[in-house]
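Position 1 is the first residue of the sequence, and the numbers go up from there.
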Amino acid sequence: MSKKQSTQNRELVTVASYAVMQAEPDALGAMLRTNVGPQGLSVFDLDTVKTPAGGGTTFVVPTIDGEEEAKELRGVIVGFKDLRSYWRTGFDESGGGTPPDCSSQDMVRGDGDPGGECARCAFSRFGTAGRAQACQQRRLLFLVREGDLLPIVVSVSPASLKSVRQYFLRLASHAVPFYGVLSSLSLERDKNRDGIAYARISVRSLGGLAPEEAARMAQYAAALRPALERVQLDGAASAA
């Protein structure tokens with residue numbers, strides 16, 4: 001477990017017990033390239049945490065012994081990726097696990113049908129899927145936990161994007177990188193304007209890392225970055 005300590009009147013947490021703190025960043029990146037290959041990672045290569053439908057407030061987390069439920073995900077965010085994805089039939093009809101008809105890895109240009117500039121695409125407008133966008137915006141968070149050498153993927157749905165982006169901006173406002181804090185993710189039950197219940201991801205800081213630990217996490221994040229930038233989104237991750 002992470003322990004709190006006080007340094008220069010500022011409360012810090014330590015992640016010295018984390019498995020990634022014991023591994024050499026360069027060796028970890030080389031291992032990943034060897035085991036995964038030049039094609040990079042897909043969502044299927046990393047464990048993806050599922051968010052329950054209907055406003056449930058418990059994450060479903062894959063483990064060696066099968067899935068387990070968790071009220072909180074605690075760890076260090078070592079990367080994120082903003083994506084767009086569009087299913088012509090709608091996700092519910094696609095059945096899940098189906099690649100999108102069109103997707104954008106940079107939020108600027110879509111590949112597939114219809115493809116082209118996202119800003120000019122009719123499906124990026126609000127109101128094309130009820131009150132929402134037919135082409136969904138999502139953020140994938142890569143969260144490394146205490147006992148893991150590789151991060152898990154937390155798919156942030158459109159309903160949770162605002163609060164998650166605000167968390168990142170607040171960190172930036174205090175000149176703190178996202179990998180320099182221990183973060184806690186939980187689910188809050190909410191309802192949309194149509195009265196439909198959903199779960200919204202809430203993120204908060206549990207404290208900053210000591211400078212030497214933040215520097216080590218920065219090295220780890222840099223070693224993983226080339227692979228994480230190639231992570232793709234599919235129907236299974238969109239359901240999370």
Side-chain angles (χ1 to χ4, degrees), residues 1-32 46-49 51 57-64 68-82 139-156 160-188 199-229 231 240:
M1 295 295 291
S2 301
K3 297 178 181 179
K4 292 187 177 181
Q5 59 186 11
S6 180
T7 302
Q8 297 179 343
N9 298 320
R10 187 165 64 95
E11 198 163 66
L12 302 176
V13 294
T14 177
V15 292
S17 62
Y18 273 45
V20 297
M21 300 297 287
Q22 317 302 322
E24 290 297 329
D26 292 342
L28 185 61
M31 177 273 292
L32 193 61
L46 293 174
D47 285 331
T48 302
V49 175
T51 303
T57 57
T58 303
F59 292 106
V60 180
V61 186
T63 71
I64 293 175
E68 65 179 26
E69 295 184 344
K71 285 288 188 181
E72 178 193 42
L73 299 176
R74 180 176 294 198
V76 178
I77 299 171
V78 293
F80 69 93
K81 185 173 184 180
D82 291 324
R139 172 168 290 190
L140 303 183
L141 298 180
F142 302 102
L143 183 77
V144 64
R145 298 180 298 165
E146 185 170 15
D148 299 335
L149 283 175
L150 289 176
I152 57 175
V153 180
V154 181
S155 179
V156 179
S160 301
L161 276 177
K162 182 178 179 180
S163 62
V164 170
R165 285 173 175 164
Q166 285 177 334
Y167 176 68
F168 276 71
L169 285 173
R170 290 184 185 118
L171 291 177
S173 180
H174 289 83
V176 177
F178 56 81
Y179 54 76
V181 298
L182 183 65
S183 295
S184 168
L185 281 67
S186 58
L187 293 168
E188 297 179 353
R200 179 168 53 85
I201 294 177
S202 175
V203 194
R204 64 188 178 94
S205 169
L206 298 176
L209 305 186
E212 61 274 14
E213 293 187 353
R216 189 63 181 271
M217 281 295 180
Q219 287 182 298
Y220 172 81
L224 287 181
R225 189 173 299 120
L228 298 183
E229 286 176 349
V231 168

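- There is no side-chain donor-acceptor pair under 3.5 Å between S186 and K71.
- The shortest side-chain heavy-atom distance between F142 and V153 falls under the 4.5 Å cut-off.
- In this structure, P151 and L143 have side chains that are not in contact, with every pair of non-hydrogen atoms separated by 4.5 Å or more.
- Between M217 and V20 the shortest side-chain heavy-atom distance falls below 4.5 Å.
- For S173, the side-chain contact (heavy atoms from CB on, under 4.5 Å) criterion is met by no residue, not counting sequence neighbours.
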Point to revise | side-chain contact (heavy atoms from CB on, under 4.5 Å) between L187 and I201, worked out | key: CA-CA 5 Å; L187 293 168; I201 294 177; 3.7 Å; yes
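- In this structure, CZ on R170 lies 13.5 Å from CZ on R204, to the nearest 0.5 angstrom.
- The OG1 atom of T48 sits 7.0 Å away from atom CG of L46, with the distance rounded to the nearest 0.5 Å.
- Residues passing the side chain to side chain donor-acceptor pair (under 3.5 Å) test with S163, sequence neighbours excluded: none.
- Residues satisfying the side chain to side chain donor-acceptor pair (under 3.5 Å) test with Q166, not counting sequence neighbours, are none.
- Side-chain atoms of R145 and V61, non-hydrogen and from C-beta on, do get closer than 4.5 Å to each other.
- The CG atom of L185 sits 8.0 Å away from the OG atom of S202 when rounded to the nearest 0.5 Å.
- Going from atom OG1 of T63 over to atom CD1 of I152 covers 11.5 Å, rounded to the nearest 0.5 Å.
- In Q22, the CD atom is crowded: over 12 heavy atoms of neighbouring residues, nucleotides or ligands sit closer than 6.0 Å.
- S160 approaches A199 most closely through the heavy-atom pair OG-O, 4.1 Å.
- Note: L182 CG to E213 CD = 10.0 Å, rounded to the nearest 0.5 Å.
- With a 4.5 Å cut-off on side-chain heavy atoms, Y220 and V144 count as touching.
- Applying the side chain to side chain donor-acceptor pair (under 3.5 Å) rule to S183 yields the partners Y167; only residues at least two apart in sequence or on another chain are considered.
- Taking the side-chain contact (heavy atoms from CB on, under 4.5 Å) definition, one finds that A214 meets it with L209, sequence neighbours left out.
- Rounding to the nearest 0.5 angstrom, the gap separating the OG1 atom in T58 from the CD atom in E68 is 11.5 Å.
- The ring-ring contact (aromatic ring centres under 6.0 Å, His included) test applied to F168 returns F80, F178, not counting sequence neighbours.
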